[in-house]
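All values below come from the heavy atoms of this structure, side chains included, with hydrogens, waters and symmetry mates left out. We name chains A, B, ... by the order of the sequence lines, and we start the count at 1 in each one. Quick caveat: nothing in here was measured; it's all calculated off a predicted structure.
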Amino acid sequence: MLDLKFVRENPQKVKEAIALKGDAAAVDELIELDAQRREILQQTEELKHRRNKASKEIALLKKEGKVQEAVVKMRAVSQEIKVKDAKLREVEEQIQKLLLCLPNIPDDAVPRGKTEDDNEVVRTWGQPKEFSFPPKAHWDLGEELGILDFQRASKITGARFTLYRGLGAQLERALVNLMLDLHTREHGYTEIFPPFMVHRESMVGTGQLPKFAEDAFKVEGTEYYLIPTAEVPVTNLYRGEILEEEQLPLKHVAYSACFRAEAGAHGRDTRGLIRQHQFNKVELVKFVHPQESDAELEKLTNDAEKVLQLLGLPYRVMLMCTGDLGFAAAKKYDLEVWLPSYNAYREISSCSNFRDFQARRAGIRYRPANGGKAQFLHTLNGSGVAIGRTVAAILENYQQEDGSVRIPEVLLPYFPGLKEPVIRAQ
RNA sequence: GGAGGGGUGUCCGAGUGGCUUAAGGAGCCGGUCUUGAAAACCGGUGACUCUGCAAGGAGCCGUGGGUUCAAAUCCCACCCCCUCCGCCA
C-alpha cells in the first residue's frame, strides 16, 4: 500500500509510476476522495468539539435542573454528527479500496518494459549441459522411473497435482531439508513452520487480496485461504507489531506447501511439475531497516543462488522490468534454472524487495534506537527455492543415457543407506 | 460441539453512564542520600492514529455496529485467550 500523504503530495510521480505497471486512473479518483475526506473530517471534528464542550456543561447544569434546553439543542448536533460520520465512513472505505488495489512504485533502477522480453540478464552461472543423446523431459523420466505419478494424482484429485513415490518422494523431502539446513546453518535464518491456511487479513497484508482473489483457494464454509506461499503467514508474523530497531534484520526461512488456483493459466505448462495447484517451497523472508533493504535484497538473492550452486544446476539471474514486477514488489530478481526439455531457462525463484508496501498494509513497524516515532520497516522475500521445479531440474540435468538419474552429491547425506547415488527404474 | 470466566496504557491492575484529563502500583528518566551500588525518599514520564501553517482539535480501553445530549461503563454481533465437559490425530 502506498502512503496516502505521498500520493497527495506527488500525484504526477505516482501516476507515472503506476502507469508503468498498469492503470493509473485510480490515482485521480483517490486524490479527489482524499480531499473530500479531509473536508468532511474537519466538519465532524468541529461538531464533536461542540458536543464535548456541551457535554461538560450539561453535567454541571444538571444540578440546577435546567438541562432540557441544552439537551434538545445537542440532539440536533448529535444527529448531524451521525450523518456526517456515515458519509465519512463511506468515503474512507472507498479510499481504502482504491489504495489496496494500487500497485507498488518500481525502483528507479528497474528497467522499463512491458513483457518478460524486457527483463535484463544480470549474471549467469554454469553452462547448459550438452547431452550426447536426446534428453528427456522430467515428466517422461519421472514416470519411467516410477517416481512421479501424474495419472494417479489426477485420479485422486485432478489435473495439476502430482504424486511422488519412493526415491521421488525422498528426493522432494531431501531438497526441503537441504535448503532448510543451508539457510538456517549457513545463512542465519530462523526456521518457521507456519499454518498453511490464513485468514483474509493476512492475505491483504502481503497483497494477495483484495485484487487477486481468483488466484487463491478459499476453504468452503470458512474464511480461510490456502496459502499460495509461506510469504503470507511468515510476513504476517509481525502484523500490527512494533519491533525494536536492534532486532533488525529479522530473517526467517519456512517450508510450506503452496496452493495456487492458476486461474488464467489454462494450456500453459500442462505437463510435468512446472505449474501445479499444490507444490512445496522453502521461502526466505526478511524484515529490515529501510536503509538496508537494497543490500539485503542482494544478499537474499545470493542465499537462494547458493542452493542452485550446491546442486550444480545452471541458472541465470534476471532483473525484472516494470511490466513483470508484479503487484507488490519495487524490485525483483528471478532465478531461472536451465531446463533441457524447454531448451530454456525457467523461473525457479523470485526475490523481491517490497520496501514499505507490505509493512504499511500489515502495520509492521520498528522503533528507532534513539526512541523516535515508529517507522514502517521494509520486507523482502524470495524462494529459496521452489522444490518441485528443482526436482524437475535435477531429473533433466542429471539424466543419463540409460534413463537413470544421478543424485547430486550434496543430497547424499539425506539418502542414508542408499546403495548407489542413482535413481533407476523401480 | 456444550458450560463458564476473561480481553483496559510498556507490564500488573482499578474502574457499571457525566468530578476519568483512565486511579494505584511496577517499570523507565532525573534528583537527594551514599566511597560506589542497593534500598528509601522527592520529582518527572502514559501508547498510537488522523487532521491543521500553527495554536489546537478529533479519535482510541479486543473488533465492528447501536442506544444516549454524553459510553471503558448499557445493548447487539463477531474475534481471541483461559478453565471444565464431550470428541479427536
Which part of the nucleic acid does A/R50 contact within heavy-atom distance under 4.0 Å: base, sugar-phosphate only, or nothing?
nothing

In Watson-Crick or G-U wobble terms, with both distances under 3.5 Å, the base opposite B/G24 is B/C12

On the 0 to 90° scale, with breaks at 30° and 60°, tag the A/F196-A/F193 ring pair as parallel, tilted or perpendicular.
tilted

Do side-chain atoms of A/K251 reach the backbone of A/H187 as a donor and acceptor pair under 3.5 angstrom?
yes

Taking B/G65 as the reference, what is the distance to B/U73 when you measure between their P atoms (whole Å, please)?
14 Å

Select base, sugar-phosphate, or nothing to describe what A/K5 touches, counting heavy atoms under 4.0 Å on all strands.
sugar-phosphate

Of the nucleotides B/G65, B/A58, B/A70, which has the atom closest to the A/R89 side chain?
B/G65

Paired to B/C74 by Watson-Crick or G-U wobble criteria (both distances under 3.5 Å) is B/G66

Return the pairing partner of B/C41 with a 3.5 Å limit on both distances, Watson-Crick or G-U wobble; otherwise return none.
B/G31

First of A/L41 and A/N52 reached from the 5' end of RNA chain B, by closest nucleotide
A/L41

Do the ring centers of A/F161 and A/H277 come within less than 6.0 Å of each other?
yes

May I ask you to decide if the ring planes of A/F287 and A/Y238 are parallel, tilted or perpendicular, using 30° and 60° as cut-offs?
perpendicular

Side-chain N or O of A/H49 versus OP1/OP2 of B/G57: is the shortest distance under 4.0 Å?
no

Within the 4.0 Å heavy-atom criterion, would you say A/R8 contacts the bases, only the backbone, or no part of the nucleic acid?
sugar-phosphate

Would you mind telling me which residue lines up with the more 5' stretch of RNA chain B, A/K53 or A/S78, judged by nearest nucleotide?
A/K53

Closest to the side chain of A/R37, out of B/G18, B/A58, B/C50, is B/C50

A/R75 side-chain proximity, nearest of B/C69, B/G57, B/U49
B/C69

If you check every side-chain atom of A/I58, which of B/G18, B/U51, B/G59 has the closest atom?
B/G18

Partner lookup for B/G4, please. Criteria are Watson-Crick or G-U wobble with both distances under 3.5 angstrom; report none if nothing qualifies.
B/C82

Take A/L175 and A/V391, measure what side-chain contact (heavy atoms from CB on, under 4.5 Å) needs, and give me the verdict at the end.
CA-CA 8 Å; A/L175 286 166; A/V391 168; 3.6 Å; yes

What's the closest nucleotide to the A/K82 side chain, out of B/A58, B/U68, B/C69?
B/U68

Tell me whether the side-chain N/O atoms of A/R51 come closer than 4.0 Å to OP1 or OP2 in B/G59.
yes

Does B/C48 have OP1 or OP2 under 4.0 Å away from a side-chain N or O of A/R367?
yes

Strictly by Watson-Crick or wobble contacts shorter than 3.5 Å, is anything paired with B/G36, and which nucleotide is it?
none

Below 4.0 Å: OP1/OP2 of B/A58 and any side-chain N or O of A/T44
no

